[in-house]
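Since the structure is predicted, the reported quantities are computational estimates derived from the model, not experimental observations. All chains are named by letter (A, B, ...) in the order of the sequence lines, taking the proteins before the strands, and each is independently numbered beginning at 1.
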Amino acid sequence: MSDSLIKPQTLKGFRDYLPEAMIAREKLMDTARRVYRSYGFSPIDTPALEYAEVLLGKGGDESDKQLFRFTDQGDRDVALRFDLTVPFARFAAQHFAELTLPFKRYHIAPVWRGENTQRGRYREFMQCDFDTIGTDANASDIETLMVIHDLMEALGFSRFTIRVNHRQLLNGLLERLGLLDRSVGVLRSLDKLGKIGAEAVTAEMTERVGATAEQAARVLEFAALRGPAGEVLDQVAAAVAGSERGELGVSRLRELFAVCAASGLSEERIQLDVAIARGLDYYTGTIYETFLNDDPKIGSVCSGGRYDNLAGLFTKQPLPGVGASLGLDRLLAAMEGLNLLPTASTTADVLIVCFDGERLGDYMRLGRMLRNWGVATEVYPQARPLKKQMQYADRKGFRAAILAGAEEFAAGVWQVKDLRSATQQPVTTDELLTRIQAILSSP
RNA sequence: GUGGGCAUAGCUCAGCUGGUUAGAGCACCAGAUUGUGGAUCUGGGGGUCGCGGGUUCAAGUCCCGUUGCUCACCCCA
């Protein structure tokens, strides 16, 4: 018998979530939902599984290799979605006639990538996307940045940096340097600057990408520019002068930083960084990456950008768009390392102790009353020793316990115990809600 | 996909150059305390040493394979 037991295990990169982890995850998802909705984004959903041809060739060779792909029972070539943006492109093309443009949607759902795992990198993970399509207005790029900012703040972070760049600015720079035909390689090397350093990037650009030493040096010179966005842009503007796309990128970014300043966003948190490029091929304009100052190694936790032809492979309708994606599970991995995760493993605040098994009806009635008042409440199911029930309340992280036995029922009161301060007092049913609320709102 | 490190109780780990019945702390269970948690004390349960194979009189310890975790490359949330 025992040799036939199946080993309980999950696949590499796939994980179970215990209540403590799941409560934290759901909290982050609720926060993302709330922030997105506060800007007018609407929820959508799409299938996990798509025709492989819908997903293939949209994010570059790398993403094709990482697809979980197989043949279904109807002999169809199918694959699990790799991100939420490509399915959204298909969605937009398919339902174009039903959408009112500009269309703003959010989508919180798991995606799958068959790559090697690392801390904060899994094969199944949750993305929280939001996008605005049907307009190429810079206001949407700016709003996207603001959503990222407000989202990070709502999630409880104050020490984060959103790095902003513009593909056209980069292209303009490369054009002026005569590197436009090698832009993919140059940008890919440049993107590693923060990680491997200027020397290694120079080596890669000259040896692998085929740039001259002078070209590489010029690129790095701009990537190294730091300081107030306006000043950096002045220098970049001079360098791209004469390049139409470069000038466009500069003017877009000028407006972006000006509007951010005017709307009161912290300048420290939003920085122009000419070195970020992003790997996904479909970005054509603004690019965003968000780093935690206290755990930069975990990588970007919220990235995105503008793509001016996202649905081009599905429809002739021009559908420019801009958006970003919060990597929920990566963020959680970072928060775990920084000890920022809440520890409660209950979703209820109040435990009604089962003092006397004969009084179940009274306890259940009290529980319903509290729930009707909006207080999540659990009734302990058996009349076990009080010690056991109090231990249960303590370990699960309840805020308050309500106890009532013969004495209390005779006196017409409930004993309400604040489990954090260990204080207890008898209150009547009329005073109960006020007392509970006082306990719940105490720090 | 490539390379390095790791894998011993629920968790964090110890176990020297292979040698008798594999340990600690925390957690768990019971009691001290039959109307009250987080502290202390006492006692207790729990491990085919990730899995498979090999070398050996003898393997947690050495070798090979495999799975998982982790770090780096690549790429990215």
| said: Under 4.0 Å, counting only non-hydrogen atoms across every strand here, what does Asn116(A) touch: a base, just sugar-phosphate, or nothing? | reply: base
| Euclidean distance, atom CZ of residue Arg15(A) to atom C1' of U67(B) [Å, nearest integer] | 18 Å
| message | If the cut-off is 4.0 Å, is Gln118(A) near the phosphate of A72(B), judged by side-chain N/O to OP1 or OP2? | response | yes
| field | Donor/acceptor link under 3.5 angstrom from Glu115(A) side chain onto base of A77(B) | value | yes
| request: Under the side-chain hydrogen bond (donor to acceptor under 3.5 Å, both in side chains) rule, what do Asp16(A) and Thr10(A) come out as? Steps first, then yes or no, please. | output: CA-CA 8 Å; Asp16(A) 288 326; Thr10(A) 51; 5.3 Å; no
| remark: Symbol by symbol from the 5' end, with Watson-Crick or G-U pairs under 3.5 Å, [ ] crossing and | another strand, RNA chain B is (((((((..((((.....[...)))).(((((.......))))).....(((((..]....))))))))))))....
| message | For a quick check under 3.5 Å, do Glu289(A) and Ser300(A) share a side-chain donor-acceptor pair by atom type? | response | no
| field | Residue-phosphate contact under 4.0 Å: Lys297(A) side-chain N/O, C71(B) OP1/OP2 | value | no
| Taking the P atom of each, how far is C51(B) from G47(B), in whole Å? | 13 Å
| said: If the cut-off is 4.0 Å, is Thr117(A) near the phosphate of C69(B), judged by side-chain N/O to OP1 or OP2? | reply: yes
| field | Nearest-Å distance once atom P is located in both G43(B) and C57(B) | value | 44 Å
| said: I need the CD1-C1' distance between Ile298(A) and A72(B), as an integer number of Å. | reply: 15 Å
| message | If I pick the C1' atom on G65(B) and the same atom on G23(B), what distance separates them, to the nearest angstrom? | response | 30 Å
| How close or far is atom C1' of C75(B) from atom CD of Glu204(A), stated in whole angstroms? | 13 Å
| said: Quiz question: by atom type and distance under 3.5 Å, do the side chains of Asp418(A) and Thr423(A) form a donor-acceptor pair? | reply: no
| task | Quote, to the nearest angstrom, the P distance that separates A24(B) from G15(B). | result | 15 Å
| query | Taking atom types as modelled and ignoring hydrogens, do the side chains of Asp131(A) and Tyr307(A) form a donor-acceptor contact shorter than 3.5 angstrom? | reply | yes
| Protein-to-nucleotide contact annotation, 5' to 3' order, nucleotides 30-39 of chain B [B base; S sugar-phosphate only; - none; under 4.0 Å, heavy atom] | S----BBBB-
| said: Asp30(A) and salt bridge (Lys or Arg N to Asp or Glu O under 4.0 Å): which single residue from Arg33(A), Lys27(A), Arg34(A) fits? | reply: Arg33(A)
| message | I'd like to know whether the aromatic ring centres of Tyr36(A) and Tyr106(A) sit less than 6.0 Å apart in this structure. | response | yes
| field | Nearest-Å distance for atom pair OH/C1', residues Tyr283(A) and C75(B) | value | 14 Å
| said: Using the rule given for side-chain hydrogen bond (donor to acceptor under 3.5 Å, both in side chains), can you reason through Asn171(A) versus Arg245(A), listing the C-alpha separation, both sets of side-chain angles and the distance that settles it, and then say yes or no? | reply: CA-CA 7 Å; Asn171(A) 287 338; Arg245(A) 56 188 114 210; over 6 Å; no
| query | With ring centroids as reference points, do Trp414(A) and Phe409(A) lie under 6.0 angstrom apart? | reply | yes
| Same-atom distance (C1') from C26(B) to C73(B), integer angstrom | 38 Å
| said: Please classify the nucleic acid contact of Gly13(A) as base, sugar-phosphate, or nothing, using heavy-atom distances under 4.0 Å. | reply: sugar-phosphate
| message | Whether Arg121(A) contacts C75(B) is assessed here as follows: a side-chain N or O lying under 4.0 Å from the phosphate OP1 or OP2. Is that the case? | response | no
| query | Between Leu187(A) (CG) and C74(B) (P), how many Å, whole number? | reply | 15 Å
| request: Provide, to the nearest angstrom, the distance between the CG atom belonging to Leu190(A) and the P atom belonging to C74(B). | output: 14 Å
| said: Counting only heavy atoms from other residues, nucleotides and ligands, does the tally under 6.0 Å from CZ of Phe70(A) exceed 12? | reply: yes
Can you give the donor-acceptor pairs under 3.5 Å from side chains of residues 142-156 of chain A to other protein atoms, not counting sequence neighbours?
| from | atom 1 | to | atom 2 | distance (Å) |
| --- | --- | --- | --- | --- |
| Glu143(A) | OE1 | Lys104(A) | NZ | 2.9 |
| Thr144(A) | OG1 | Ser140(A) | O | 2.7 |
| His149(A) | NE2 | Arg269(A) | NH1 | 3.1 |
| Asp150(A) | OD2 | Tyr39(A) | OH | 2.5 |
| Glu153(A) | OE2 | Arg269(A) | NH1 | 2.7 |

| Quantified in whole Å, what is the P atom distance between nucleotide U36(B) and nucleotide G46(B)? | 31 Å
| request: Could you give the distance separating G53(B) and U67(B) at their C1' atoms, to the nearest angstrom? | output: 15 Å
| note | note: Asp129(A), atom CG; A77(B), atom C1'; distance rounded to Å ~ 9 Å
| message | With no hydrogens and no angle check, just 3.5 Å: does a side-chain donor-acceptor pair link Tyr392(A) and Glu378(A)? | response | yes
| task | Please state how far atom CD in Gln66(A) lies from atom C1' in G1(B), giving the value in whole angstrom units. | result | 10 Å
| request: Check whether the side chain of Arg113(A) and the base of A77(B) form a donor-acceptor pair under 3.5 Å. | output: yes
| Distance, P atom - from U17(B) to C69(B), rounded to whole angstrom | 29 Å
